[in-house]
Colleague: 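Take a look at the following structure, please.
These numbers come from the heavy atoms of this one structure, side chains and all, not from hydrogens, waters or symmetry mates.
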Amino acid sequence: MNWINDLLWGEGIGHSILLLSFVIAAGIQLGKIKVFGVSLGITLVLFVGIILGHFGFTINHNVIHFFKEFGLILFVYSVGMQVGPGFFSSFKQGGITLNMLACGIVFLGVLTAVILHYATGIPMPTMVGILSGAVTNTPGLGAAQQAFSDMHGVSDNTIALGYAVAYPLGVIGIILSIILIKYIFRVSFDKENEQLNSEDSSHTNEAKPISLIVKNPAIFDKTIAELSNLLEHRDFVISRVWRDSNKQIEIASANTVLQENDKVFVITTETDAETIKTFIGEEIDMERKQWIRMESQFINRRILITKPELNGKRLGQLKLRKLYGINITRINRAGVDLVAKPGLTLQVGDRVNVVGTETAVSNVEKVLGNSMKRLNEPNLITIFVGIALGIVLGSIPISFPGIPQPVKLGLAGGPLVVAILISRFGYHYKLITYTTQSANLMLREIGITLFLACVGISAGDGFVDTIVNNGGFAWIGYGFIITFVPLMIIGCIGRYFCKVNYFTLMGLIAGSTTDPPALAYSNATAGNDAPSVGYATCLSVDYVSPGIDGTVVDSVLRVIVLINIMKTGACISIYAGPRFMMCQSSFIETWPLLSYI
């Protein structure tokens, strides 16, 4: 029976994998249990690990350290791949307001934690853990642990303990703040829905179909190519032309000549629509369905781009209209329809709207691929190349004047930054960055559950003693203060001064604290996707921010970098707080460093 003893209590690989598998499986299953309609999700993995660690189940130090770091790398890299394409665009229009409000929540949370640190005397590493748990930010926990490890060479279990005791009431505090804001401002859901319906400014760059009749004498007998030259700074595609002379529809090409009273089907943007209408003639009441019925000799099909060699090529380079006599009107990318301009860069996973004859469209389908099987195949090369480049980037020491130790992005920050850049700009370098949502979610969940399991098992020894004998109950109260006060202050500012829609504000609060249970509550309450939109807009920044990592001393530099980045409208390091808080010197002593801004 020695093999059972070795399997349960030994330090072999089999024991390590068995223990991690049990912790993860049990934690996920328990996380599905709802109490008053709220569940803690995968966070229960951490608590199961703490329980088993308390009862003496351990893993070899080097093995558990490897699993923890590798899990964190997988998690942040997959998050970077997910949020990267929309990260930079999230700062446009109303996204800036939401992200600035999210910054306010983070800063007030850090300020509250610093005040509590000096008022109570709780060590700063422990307070950082309480802060991470209070705002339910698991990446913040990982960044804080790595920062402490970089400075001291060892880990501090009180960081994880503070996170664990503050997390449950943190979830409750987030949902409670959402409810209180509703009653303070006497929110009417009907009025909020009306406001949402009237807001369409965020769709100004999406493709918009319009039907026009040619009335401008200046373009009579002009070709579409000549018209495009006259409107070279406008985004539009003329898809089909209905001839007034013979009452027939034809596919528009560069050489198509426009005549008086011809009808044209145009794809443009909300921004350019009025200009196109004025220049061509008048808008007519003719929907897309009517064009499809009238053009019985043509078909309209959406084709997937799945051939790797097309990744990064411009649409005009393929010369599909000239070679096959078809017209591409729109390109759907990540659920958004884009105008099919010749200069638009194609990516694997794009859905191309093609109009033409059956034979021509079939030929174009062969050129583009349209193979769902190929699209579902994972692109592992890009993933592991990105992780490798991220490790290299995270290991590069960068020295700054006035900072005694060099700055490093670390094992989490490096892969995160590289993932964002590759997912956004990789197609320029022929890198296939498309990953199915399920594959990305799988990587992310495996990574975060491995990390939580390892943190829980490591922190289990001494957890009960901390709660009972070392003021753990007070930590819970401090965590609730850190959660509740900033959310109420910024929530009221966002509602009263910034006039943020309540449904969007619910998503902002959930996203700024990266709290899925709060988002689930918000979606169920609102009955629409507005909370999810606000959540996603702030989530990219809130997930990205914990990745910036390094030594405790250079944490002060994070504040400097933060202020500089905010001046330029990008917030890649807004969660600098935990690293700054880890500095044991007073803030007054570090203030002169701000002269470098």
Side-chain angles (χ1 to χ4, degrees), residues 86 89-90 92-96 194-244 249-254 256-295 298 300 302 314-316 321 326-346 350-355 533:
S89 62
S90 69
K92 298 178 182 179
Q93 299 179 5
I96 294 180
E194 289 177 5
Q195 180 184 349
L196 284 178
N197 293 333
S198 64
E199 292 176 352
D200 57 357
S201 60
S202 61
H203 303 289
T204 55
N205 291 322
E206 291 187 26
K208 175 184 179 180
I210 55 176
S211 298
L212 304 174
I213 185 169
V214 179
K215 289 292 187 179
N216 184 4
I219 66 172
F220 293 168
D221 299 321
K222 297 283 187 182
T223 65
I224 289 180
E226 292 173 320
L227 179 62
S228 297
N229 291 332
L230 293 173
L231 297 169
E232 60 179 339
H233 298 299
R234 304 296 178 178
D235 295 336
F236 74 100
V237 173
I238 296 180
S239 171
R240 281 147 279 185
V241 178
W242 182 87
R243 292 299 187 185
D244 182 59
I249 288 182
E250 61 182 62
I251 297 294
S253 67
T256 299
V257 178
L258 297 177
Q259 304 290 346
E260 183 179 6
N261 292 326
D262 284 348
K263 298 176 182 178
V264 293
F265 186 62
V266 184
I267 306 297
T268 184
T269 64
E270 187 73 34
T271 304
D272 295 329
E274 287 302 321
T275 301
I276 302 300
K277 292 176 188 177
T278 303
F279 201 85
I280 293 179
E282 302 172 0
E283 184 174 7
I284 57 176
D285 187 15
M286 191 171 175
E287 297 181 357
R288 188 184 305 175
K289 294 179 181 179
Q290 294 176 274
W291 284 98
I292 296 173
R293 285 199 298 267
M294 294 172 62
E295 54 181 35
F298 301 121
N300 187 348
R302 283 203 166 185
R314 298 185 184 277
L315 180 60
R321 176 185 286 184
I326 57 89
N327 214 342
I328 295 179
T329 59
R330 300 181 303 284
I331 295 179
N332 184 277
R333 179 176 299 163
V336 177
D337 280 336
L338 306 174
V339 177
K341 301 177 293 183
L344 184 65
T345 303
L346 301 175
D350 286 348
R351 293 179 181 270
V352 179
N353 197 80
V354 182
V355 179
V533 173

Colleague: Should Glu270 and Lys208 count as an ion pair when the cut-off is N to O under 4.0 Å?
Modeller: yes
Colleague: Go through it in stages, so that I can follow the logic: the residues are Arg234 and Thr268, the test is side-chain contact (heavy atoms from CB on, under 4.5 Å), and I'd like the CA-CA distance, side-chain angles, deciding distance and then a yes or no.
Modeller: CA-CA 8 Å; Arg234 304 296 178 178; Thr268 184; over 6 Å; no
Colleague: Quick check: do Val214 and Glu260 have side-chain heavy atoms less than 4.5 Å from each other?
Modeller: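 SC-SC contact between Val214 and Glu260 ruled out.
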Colleague: Enter the distance from Arg240:CZ to Ile267:CD1 here, rounded to the nearest 0.5 Å.
Modeller: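 These two atoms lie 7.0 Å from each other.
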Colleague: Could you tell me which non-hydrogen atom of Ile210 sits nearest to which non-hydrogen atom of Ala273, and how far apart they are?
Modeller: CD1-O, 4.5 Å
Colleague: Can you tell if the side chain of Ile251 reaches within under 4.5 Å of the side chain of Ile326, non-hydrogen atoms only?
Modeller: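 No - every pair of side-chain heavy atoms lies 4.5 Å or more apart.
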Colleague: Could you tell me which non-hydrogen atom of Ala252 sits nearest to which non-hydrogen atom of Ile224, and how far apart they are?
Modeller: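 That closest heavy-atom pairing would be CB-CD1, 3.5 Å.
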Colleague: Does a donor on one side chain sit under 3.5 Å from an acceptor on the other, for Asn353 and Asn300?
Modeller: yes
Colleague: What residues, two or more places apart in sequence or in another chain, satisfy side chain to side chain donor-acceptor pair (under 3.5 Å) together with Asp244?
Modeller: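 Asp244 satisfies side chain to side chain donor-acceptor pair (under 3.5 Å) with Lys247 only.
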Colleague: Please list, chain by chain and in numerical order, all residues satisfying side-chain contact (heavy atoms from CB on, under 4.5 Å) with Gln259, sequence neighbours excluded.
Modeller: Asp221, Arg243, Val257, Asp262
Colleague: Once rounded to the nearest 0.5 Å, what's the spacing between atom CD1 of Ile284 and atom CH2 of Trp242?
Modeller: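 The CH2 atom of Trp242 is 8.5 Å from CD1 of Ile284, to the nearest 0.5 Å.
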Colleague: Considering residues at least two apart in sequence or located in another chain, which fulfil the side chain to side chain donor-acceptor pair (under 3.5 Å) criterion with Glu274?
Modeller: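 Once residues adjacent in sequence are excluded, the partners of Glu274 under the side chain to side chain donor-acceptor pair (under 3.5 Å) criterion are Lys277.
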Colleague: What's the shortest heavy-atom distance between Val237 and Ala340, and which atoms?
Modeller: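 Closest approach of Val237 to Ala340: CG2-O, 3.3 Å.
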Colleague: Passes side-chain contact (heavy atoms from CB on, under 4.5 Å), Leu258 versus Lys222? Steps please.
Modeller: CA-CA 6 Å; Leu258 297 177; Lys222 297 283 187 182; 5.7 Å; no
Colleague: Considering only heavy atoms from C-beta outward, does the side chain of Leu227 approach that of Phe279 to under 4.5 Å?
Modeller: yes
Colleague: Go through the structure and list residues passing side chain to side chain donor-acceptor pair (under 3.5 Å) with Thr256, not counting sequence neighbours.
Modeller: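 If we apply the side chain to side chain donor-acceptor pair (under 3.5 Å) test to Thr256, skipping adjacent residues, the hits are Ser253.
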Colleague: Lys341: which residues meet the salt bridge (charged side-chain N to carboxylate O under 4.0 Å, His left out) condition with it, sequence neighbours left out?
Modeller: Asp235
Colleague: Rounded to the nearest 0.5 Å, how far apart are CD1 of Ile328 and CG of Leu346?
Modeller: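 Reported to 0.5 Å precision, the distance equals 7.5 Å.
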Colleague: With side chains defined as the heavy atoms from C-beta onward, is the minimum distance between Lys215 and Ile213 less than 4.5 Å?
Modeller: yes
Colleague: Whether the side chain of Asn327 engages the backbone of Ile238 through a donor-acceptor N/O pair (distance < 3.5 Å, no angle test) should be reported.
Modeller: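 Side chain of Asn327 to backbone of Ile238: a pair is present.
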Colleague: Can you list the residues that meet the side chain to side chain donor-acceptor pair (under 3.5 Å) rule with Ser228, with sequence neighbours excluded?
Modeller: none
Colleague: Nearest 0.5 Å, please: how far is CD1 in Ile331 from CG in Leu344?
Modeller: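 Rounded to the nearest 0.5 Å, the CG-CD1 separation comes out at 4.5 Å.
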Colleague: With side chains defined as the heavy atoms from C-beta onward, is the minimum distance between Leu315 and Val352 less than 4.5 Å?
Modeller: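 No - every pair of side-chain heavy atoms lies 4.5 Å or more apart.
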